[in-house]
S.K.: 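Next up is a structure, given as structure tokens.
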2 protein chains.
Amino acid sequence: MRRKTVTIRDVAQRAQVSVSTVSQILNGNHSYVSADKRERVLQAAEELQYRPNAIARSMVKQRTGTVGMIFTSVVDHLFIHTIKSAQAVLKPEGYTIFLADTPDIESEIQAIAALQDRQVDGFIFVSMTSVADSAHLQRLKAEEVPFVVINRPRVQAYDFNQIQWNDWEAGYLATRHLLNLGHTSVATICGPRQGLPHWQSAFDRHEGWQQALAEQGIMVSPDWIFDGNYTCQGGYEATRQLLQQAGSKSKLPTALFVANEEMSIGVLRALHYAGVRVPQDIALVSVGDTPFTAHMTPSLTTLAHPVAEAGQIAAQILLKQFATKELLPTQKIMLSFDMRVRESCGSNPEPSEIFF
Amino acid sequence: MRRKTVTIRDVAQRAQVSVSTVSQILNGNHSYVSADKRERVLQAAEELQYRPNAIARSMVKQRTGTVGMIFTSVVDHLFIHTIKSAQAVLKPEGYTIFLADTPDIESEIQAIAALQDRQVDGFIFVSMTSVADSAHLQRLKAEEVPFVVINRPRVQAYDFNQIQWNDWEAGYLATRHLLNLGHTSVATICGPRQGLPHWQSAFDRHEGWQQALAEQGIMVSPDWIFDGNYTCQGGYEATRQLLQQAGSKSKLPTALFVANEEMSIGVLRALHYAGVRVPQDIALVSVGDTPFTAHMTPSLTTLAHPVAEAGQIAAQILLKQFATKELLPTQKIMLSFDMRVRESCGSNPEPSEIFF
DNA sequence: CTGTTAGCGCATTCAG
DNA sequence: CTGAATGCGCTAACAG
């Protein structure tokens with residue numbers, strides 16, 4: 001049931017040399033071999049379709065050429081780009097990715113153990129969630145296993161390699177954009193800021209919103225704050241509440257900062273059925289970007305997560321650590337969101353209508 | 001830089017027994033050991049925090065407890081559920097997934113080689129794309145490596161384990177649904193049916209549409225067929241063309257079968273700016289489902305891919321093969337799409353409007 | 001019932 | 001410059 005595995009010994013035998021000679025030639029080691037034997041070995045390897053067994057190799061080299069990637073998937077379309085970009089830098093270097101999807105801390109711990117048993121050379125943690133407990137990561141650190149965490153809440157205090165994105169800035173820039181457009185009443189629909197699970201990003205984005213307003217001397221009214229819980233449904237309900245509270249179209253805020261894209265979908269829905277047009281009646285800026293965002297009605301102005309960048313940098317950090325004997329100093333990197341200005345904020349014109 | 005690895009020998013030494021005794025006890029092998037020694041070994045292992053090295057184990061067992069999952073990602077939100085569900089069945093059995101994202105055939109071949117070098121026990125291929133060349137899979141088959149392919153075009157003729165979903169049926173059911181609602185003019189916006197890359201699914205879904213119409217004795221007019229190329233933008237443009245061709249609202253078809261969800265996003269957009277309401281003026285059914293589909297405006301009636309099911313079944317097939325010495329007969333499984341009736345087809349009422 | 005022995009496939013000293 | 005010997009950590013016969 002297994003392929004008749006051809007080993008280094010088979011090659012040696014066929015080339016009429018010793019095993020170690022084959023190994024040296026194939027690994028390009030710096031002891032000179034006669035061109036004659038080199039040729040014979042190369043040819044034998046070719047003829048036999050020899051491929052070194054990576055497992056056996058890792059046994060002696062004490063490195064496997066694998067990295068474990070552990071993610072707590074809540075927002076799939078985000079982490080997938082992290083995986084891809086990490087893979088894009090790891091693969092050319094001969095590394096392969098072990099993947100584990102871990103819904104909670106306990107299964108994360110389990111996954112780490114399983115991958116450590118398989119002797120991965122390092123880890124990348126991608127958490128798009130509220131998971132915060134990082135005590136077990138401290139143990140990893142103590143064992144001097146290289147790893148980097150991406151977007152993990154409350155790790156700033158730890159001495160880990162970490163890549164975060166600036167949620168505060170996202171809220172701030174989104175709101176600034178609206179302010180610059182002349183809006184003065186900018187309501188917000190936020191993610192889960194209290195209770196559990198409680199998302200750090202919801203808190204940070206909200207702070208950014210507040211700061212931008214404060215800088216303009218605008219007093220934020222509690223009436224402008226609605227909780228949408230980061231879900232489509234939550235965004236929908238928050239908006240209905242907003243509409244009800246306003247009572248009339250003229251009393252609506254003129255702009256809206258919606259803390260994530262999921263909620264925006266619901267917001268758009270509620271607004272539509274209330275006859276409130278975006279951006280004519282109310283402008284909207286959100287956070288997050290999917291392949292659909294640019295094609296919705298209206299297309300959404302958003303701040304896009306630097307997910308691909310994060311994965312790429314994480315992989316590069318690992319690679320650098322792999323190449324070095326001693327421990328490299330830990331890196332703490334903060335990435336900015338990328339503003340994508342489209343229709344929902346009113347900056348861009350809508351397509352010309354088609355009349356019959 | 002590596003954790004001071006504790007080996008089975010350390011445990012043996014501490015428990016004052018031989019290495020093999022430790023191995024037997026820890027692996028629950030069926031030779032009886034004195035309760036005394038068993039206790040000592042267990043305790044020593046515990047105290048030393050011993051964890052067997054999976055790499056070393058796989059060397060001798062000739063199986064690694066890993067499966068390679070190779071996907072050509074085009075539609076991310078689809079395959080991600082395949083991965084997750086496969087993982088859900090593999091993990092409890094002690095298997096770990098190696099992941100590789102391969103944009104084209106060449107890198108797929110490369111990835112297979114890399115994973116074979118790492119001695120994976122089997123493969124799952126997930127292709128949501130037009131990739132069709134499967135010659136290298138035939139080699140895999142010849143080497144008796146267990147694998148199953150999901151949604152790979154033109155593999156029917158091969159003797160592989162394969163899981164497909166019934167694109168024809170999707171088109172058929174979608175159209176039937178529209179027909180049952182009383183529509184008689186059902187236009188379609190299709191995926192790339194000719195040229196390269198050319199998607200089998202586009203062709204199949206289109207056939208289903210045609211068949212449903214034919215069964216009702218409805219002659220399909222070429223005027224009802226538009227190519228949207230499976231993209232948002234394509235859907236948008238196809239719809240503009242449809243509108244232009246109709247010339248007036250009254251001449252529009254009353255229903256639309258859109259062959260995938262991406263295109264639907266664009267269709268909705270074009271229709272919206274033309275003042276054509278969905279579903280009041282035109283009903284719409286599509287194929288594909290994301291977390292957003294149910295919350296869009298209007299929410300989309302779709303046929304959802306059986307992606308999770310596919311991943312689960314694939315994993316189960318592998319597991320069964322792993323447990324058996326001889327080759328199991330290959331399985332060819334056809335899965336149905338799942339109809340999700342929502343607003344866009346007109347079956348469900350829209351939410352009550354909120355008036356000021 | 002337990003310990004000794006022999007590899008799994010490979011890379012790496014170290015003599016010759 | 002080359003090949004024989006050693007061991008990575010573990011399991012599986014095989015004796016005792």
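We use all heavy atoms of the structure for the numbers below, so side chains are in, but hydrogens, waters and symmetry mates are not.
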S.K.: Taking the side chain as every heavy atom from C-beta outward, state whether B:Leu137 and B:Ile112 have any pair of such atoms under 4.5 Å apart.
M.R.: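 Side chain of B:Leu137 against side chain of B:Ile112, heavy atoms only: contact under 4.5 Å found.
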
S.K.: Can you tell whether the side chains of A:Asp36 and A:Arg40 come within less than 4.0 Å, N to carboxylate O?
M.R.: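 A salt bridge is present here (some side-chain N lies under 4.0 Å from a carboxylate O).
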
S.K.: For the rings on B:Tyr95 and B:Phe322, is their centre-to-centre separation under 6.0 Å?
M.R.: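 Under 6.0 Å, so yes.
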
S.K.: To the nearest Å, give me how far apart CD (B:Gln13) and P (D:dG9) are.
M.R.: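 Atom-to-atom, B:Gln13 to D:dG9, this comes out as 14 Å.
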
S.K.: When the axes are fitted on five pairs at both termini, how much does the helix from C:dC1-D:dG16 to C:dG16-D:dC1 curve, in 10° steps?
M.R.: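 Comparing the axis at each end, I get an angle of 50°.
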
S.K.: Look at the side chain of A:Ala56 and decide which nucleotide, out of C:dA11, C:dC10, D:dC10, has an atom nearest to it.
M.R.: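 Nearest nucleotide to the side chain: C:dC10.
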
S.K.: Looking at the side chain of B:Lys61, which of C:dC10, D:dA12, D:dC10 is the nearest nucleotide?
M.R.: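 Given the options C:dC10, D:dA12, D:dC10, the side chain of B:Lys61 is closest to D:dA12.
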
S.K.: In terms of side-chain heavy atoms of A:Gln62, which of C:dG9, D:dC10, D:dG9 is nearest?
M.R.: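 Nucleotide nearest to A:Gln62's side chain: D:dG9.
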
S.K.: Taking the six-membered ring for Trp, are A:Phe125 and A:Phe71 ring centroids under 6.0 Å apart?
M.R.: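 Ring centres of A:Phe71 and A:Phe125 not closer than 6.0 Å.
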
S.K.: For the side chain of A:Asn53, starting at C-beta, report the closest nucleotide among C:dA11, D:dC10, C:dC10.
M.R.: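 Nearest listed nucleotide: C:dC10.
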
S.K.: A:Ile8 CD1 to C:dC10 P: how many Å, rounded?
M.R.: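 Computing the A:Ile8:CD1 to C:dC10:P distance gives 6 Å.
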
S.K.: Does D:dC8 have OP1 or OP2 under 4.0 Å away from a side-chain N or O of B:Arg9?
M.R.: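 Yes, within the criterion.
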
S.K.: Between D:dG9 atom C1' and A:Ile55 atom CD1, what is the distance in whole Å?
M.R.: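 Result: 13 Å.
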
S.K.: Between A:Gln119 (CD) and D:dG9 (C1'), how many Å, whole number?
M.R.: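 For the pair A:Gln119 CD and D:dG9 C1', the rounded distance is 9 Å.
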
S.K.: Nearest-Å distance, CE (A:Met59) to P (C:dT12)?
M.R.: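 About 14 Å, once rounded to whole Å.
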
S.K.: Whole angstroms only, please: what is the CG-P distance between B:Leu48 and D:dG9?
M.R.: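 Interatomic distance, CG of B:Leu48 to P of D:dG9: 14 Å.
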
S.K.: To the nearest angstrom, how far is A:Leu26 atom CG from C:dA11 atom P?
M.R.: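 Answer to the nearest Å: 8 Å.
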
S.K.: Can you name the residues that form a side chain to side chain donor-acceptor pair (under 3.5 Å) with B:Ser107, not counting sequence neighbours?
M.R.: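 Applying side chain to side chain donor-acceptor pair (under 3.5 Å) to B:Ser107 gives B:Asp104.
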
S.K.: So does B:Lys332 have more than 12 non-hydrogen atoms from other groups sitting under 6.0 Å from NZ?
M.R.: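 Counting other residues, nucleotides and ligands, NZ of B:Lys332 exceeds 12 neighbours.
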
S.K.: Apply side-chain hydrogen bond (donor to acceptor under 3.5 Å, both in side chains) to A:Glu47 and A:Gln43, showing your working.
M.R.: CA-CA 6 Å; A:Glu47 286 172 7; A:Gln43 184 172 346; 2.8 Å; yes

S.K.: Grab the N/O contacts between the protein and nucleotides 3-6 of chain C below 3.5 Å, and write none if there aren't any.
M.R.:
from  : atom 1 : to      : atom 2 : distance (Å)
C:dG3 : OP1    : B:Lys37 : NZ     : 3.0
C:dG3 : OP2    : B:Ser18 : N      : 3.2
C:dG3 : OP2    : B:Thr21 : OG1    : 2.8
C:dG3 : N7     : B:Ser20 : OG     : 2.9
C:dT4 : O4     : B:Ser20 : OG     : 3.4

S.K.: With a 4.0 Å cutoff (strictly under), does any side-chain N or O of B:Ser23 reach OP1 or OP2 of D:dT11?
M.R.: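 Yes, within the criterion.
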
S.K.: Among A:Asn151, A:Ile150, A:Ile124, whose side chain to side chain contact (heavy atoms under 4.5 Å, CB included) with A:Thr82 holds?
M.R.: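 Running side chain to side chain contact (heavy atoms under 4.5 Å, CB included) over A:Asn151, A:Ile150, A:Ile124 with A:Thr82 returns exactly one hit, A:Ile150.
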
S.K.: Verify the distance criterion only: is there a donor paired with an acceptor across the side chains of A:Arg118 and B:Thr96 at less than 3.5 Å?
M.R.: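 Their side chains do contain a donor-acceptor pair, which is all the 3.5 Å distance test asks for.
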
S.K.: Report the distance from atom CZ of B:Arg118 to atom C1' of C:dG9, rounded to the nearest whole Å.
M.R.: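 Between C1' of C:dG9 and CZ of B:Arg118: 15 Å.
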
